[in-house]
**Student:** 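Just dropping this structure here.
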There are 2 protein chains.
Amino acid sequence: MSSTQIDAVTLDGAGPLYDQIRRAIRDLILAGTWPPGTAVPPEHALMEKLDASRMTVHRALAQLAREGLITRRRRSGTIVASPPASHAMLDILSIPQEVGELGQAYSCRILQRRDGKAPRELAARFELGRSANVAHLTLLHFADGAPHVLEDRVIHIATIPQVVDESFAQTPPGDWLLKHSLWTQAEHAISAVAAEPEEAELLKIDPGAPCLLVERRTWNQAEPITAVRLLYPGGRHRFIGRFGPYGAV
Amino acid sequence: MSSTQIDAVTLDGAGPLYDQIRRAIRDLILAGTWPPGTAVPPEHALMEKLDASRMTVHRALAQLAREGLITRRRRSGTIVASPPASHAMLDILSIPQEVGELGQAYSCRILQRRDGKAPRELAARFELGRSANVAHLTLLHFADGAPHVLEDRVIHIATIPQVVDESFAQTPPGDWLLKHSLWTQAEHAISAVAAEPEEAELLKIDPGAPCLLVERRTWNQAEPITAVRLLYPGGRHRFIGRFGPYGAV
DNA sequence: CTTTTTCATTTGCATATGCAAATCGAGCTT
DNA sequence: AAGCTCGATTTGCATATGCAAATGAAAAAG
């Protein structure tokens with residue numbers, strides 16, 4: 001651990017000391033300053049740097065470990081954990097994976113791509129100024145050659161500039177974004193709608209057939225990353241989640 | 001705190017002491033032995049009873065407080081918390097409340113009730129032996145007089161025997177169960193279906209119109225409590241949830 | 001060169017101690 | 001009787017200390 005890394009840990013003086021330490025390290029992780037795999041300074045180092053007792057430092061780190069942000073092992077030390085790949089309900093983050101888990105072969109086709117200023121309707125969906133630059137993609141995912149889900153997505157270019165140089169020929173945008181961005185907030189909305197004629201034709205279903213519409217938006221802190229609209233043919237899909245009253249199981 | 005209450009706290013000798021204490025108290029709460037509002041013995045009492053230091057007892061209780069199972073206040077002491085009324089996505093546990101939050105007037109009508117052995121289809125939905133006794137209810141909820149959602153529910157009588165003497169005239173079964181049972185596990189499934197003719201007539205929508213189907217089952221430990229099927233007219237309803245990668249926000 | 005042993009580092013757990021903050025209630029004052 | 005003060009109870013936070021467990025790395029043995 002270089003001194004530049006440990007120096008990044010600074011306290012804000014608000015509230016209990018152990019919680020200041022916890023938040024300071026959490027924020028470094030969430031901001032991406034310490035990406036997954038980074039070594040967190042050992043308790044002794046933090047203890048001297050922050051002028052706290054080891055018990056207090058330990059308390060902060062133990063709590064972060066319970067929250068899943070870090071992984072600790074005796075002697076090897078503490079490293080920043082990889083964000084959990086999926087979480088509770090609705091984490092159909094990766095469509096290829098979702099299809100693979102059904103035992104079917106995945107493929108996809110990009111129907112359209114347009115980069116530029118967001119048209120009014122898209123800007124509204126993103127709660128974004130109309131001057132913002134976005135990449136706008138429409139694509140169709142297939143399972144064993146049959147249409148699986150229709151995706152319509154905008155990506156905020158200011159947040160993820162690399163997107164302009166990416167063709168998504170290898171990896172669909174959902175999976176690509178998981179590798180190239182860090183999200184701290186997501187919002188899902190689920191509703192049932194009737195398929196519009198164009199949508200029905202693409203999905204090879206009857207116009208007006210019930211479909212499950214999943215709309216998801218994600219942010220990093222306050223910055224929008226992406227908004228996506230996934231249209232699943234009804235009946236063939238259900239989303240299942242298990243919960244306990246005190247959290248997802 | 002009577003001696004009978006503190007004597008209920010027994011350790012199993014497995015793993016760290018603070019975690020034994022944490023689990024012992026958690027289990028008393030989840031089993032319903034200490035219902036919400038019960039006073040948890042003060043740290044000093046537990047410390048003597050369990051022959052642990054106050055810091056160790058504190059550690060267990062502080063963690064339970066973070067998990068939301070207990071509420072602690074200086075001087076007043078510690079009490080068992082009420083389970084969070086709603087949690088994350090899809091906790092449309094109370095339909096009257098859901099309607100109230102939309103600013104509409106709630107009412108409901110019981111369409112049918114039959115108690116007895118579960119028919120084959122219901123038993124399957126419950127993953128329950130066909131010999132089990134269940135209460136089977138069908139009801140329609142209204143918002144401002146308009147059909148809001150169609151509910152079809154079975155309740156496992158062995159788990160909640162009081163159900164046979166309850167007419168649900170005052171409180172719909174979902175809300176009634178929240179008061180008369182404690183759940184530790186729930187499963188949701190969401191899908192989009194077309195309304196069947198009878199359903200469409202009840203909900204005053206067109207046959208074949210897209211509907212959001214929410215199926216929920218709940219258990220206490222391994223014992224089934226209830227299974228319910230909620231059919232919402234599509235378009236008029238969406239379910240929204242906000243998440244962070246490390247848990248619901 | 002490979003295997004084994006030993007050592008040092010790092011985290012995990014438990015305890016004892018001291019003080020601070022909140023607040024319920026009893027007793028006192030007015 | 002109403003309001004106030006003060007003390008006792010209970011939780012919250014931080015520290016110092018000691019030992020145990022895991023394990024990576026270096027040293028020793030073969």
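Only this structure's heavy atoms are used, side chains among them; waters, hydrogens and symmetry mates stay out. Below, read A as the first sequence line, B as the second, and so on, with proteins coming before strands; counting in each chain starts at 1.
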**Student:** Find which nucleotide of DNA chain D each of A:A52 and A:R74 is nearest to by heavy atoms, and output the residue with the more 5' nucleotide.
**Tutor:** A:A52

**Student:** Round to a whole Å and report the spacing from CD1 of A:I79 to P of C:dT10.
**Tutor:** 15 Å

**Student:** Atom CD of A:Q63 and atom P of C:dT11: how far apart are they, to the nearest Å?
**Tutor:** 17 Å

**Student:** Which pair of heavy atoms, one from A:L61 and one from A:I25, lies closest together, and at what distance?
**Tutor:** CD2-CD1, 3.8 Å

**Student:** Ignoring backbone atoms, test whether A:S76 places a side-chain nitrogen or oxygen under 4.0 Å from the OP1 or OP2 oxygen of D:dT23.
**Tutor:** no

**Student:** Could a donor-acceptor pair under 3.5 angstrom be found where the side chain of B:R75 meets the base of D:dT10?
**Tutor:** no

**Student:** Could you check which of C:dT17, D:dT11, D:dC19 has an atom nearest any side-chain atom of B:M55?
**Tutor:** C:dT17

**Student:** Rounding to an integer number of Å, can you tell me how far B:R22 CZ sits from C:dC13 P?
**Tutor:** 12 Å

**Student:** Describe the nucleic acid contact of A:A62 in one word from base, sugar-phosphate, nothing, applying a heavy-atom distance below 4.0 Å.
**Tutor:** nothing

**Student:** When you measure from the side chain of B:E166 to the backbone N and O of B:F168, does any donor-acceptor pair fall under 3.5 Å?
**Tutor:** yes

**Student:** Of all residues at least two apart in sequence or in a different chain, which pass the ring pair (Phe, Tyr, Trp, His ring centres under 6.0 Å) check with B:H141?
**Tutor:** B:Y106

**Student:** Can you check the A:M47 CE to D:dA16 C1' distance for me, whole Å?
**Tutor:** 9 Å

**Student:** For B:D12, does the CG atom sit with more than 12 other heavy atoms under 6.0 Å from it, leaving out its own atoms?
**Tutor:** yes

**Student:** Atom CD1 of A:I70 to atom P of C:dT11: distance rounded to whole Å?
**Tutor:** 9 Å

**Student:** Just wondering, are more than 12 heavy atoms of other shown residues or ligands nearer than 6.0 Å to CD in B:Q170?
**Tutor:** no

**Student:** Is A:R73 touching bases, backbone alone, or none of the nucleic acid, heavy atoms closer than 4.0 Å?
**Tutor:** sugar-phosphate

**Student:** For A:S53 and for B:A65, find the nucleotide of DNA chain D with the closest heavy atom, then tell me which residue's nucleotide is more 5'.
**Tutor:** B:A65

**Student:** Please state whether the phosphate of C:dG12, meaning OP1 or OP2, lies under 4.0 angstrom from any side-chain nitrogen or oxygen of A:H58.
**Tutor:** yes

**Student:** Between A:R59 (CZ) and C:dT15 (P), how many Å, whole number?
**Tutor:** 16 Å

**Student:** Under 4.0 Å between a side-chain N/O of B:R72 and OP1 or OP2 of D:dG12, yes or no?
**Tutor:** yes

**Student:** Would you please confirm or rule out a distance under 4.0 Å between OP1 or OP2 of C:dT15 and any side-chain N or O of B:T56?
**Tutor:** yes

**Student:** Could you state the NE2-P distance from A:H44 to C:dA8, rounded to the nearest angstrom?
**Tutor:** 15 Å

**Student:** Rounded to whole Å, please give me the gap between OH in A:Y18 and P in C:dA20.
**Tutor:** 19 Å

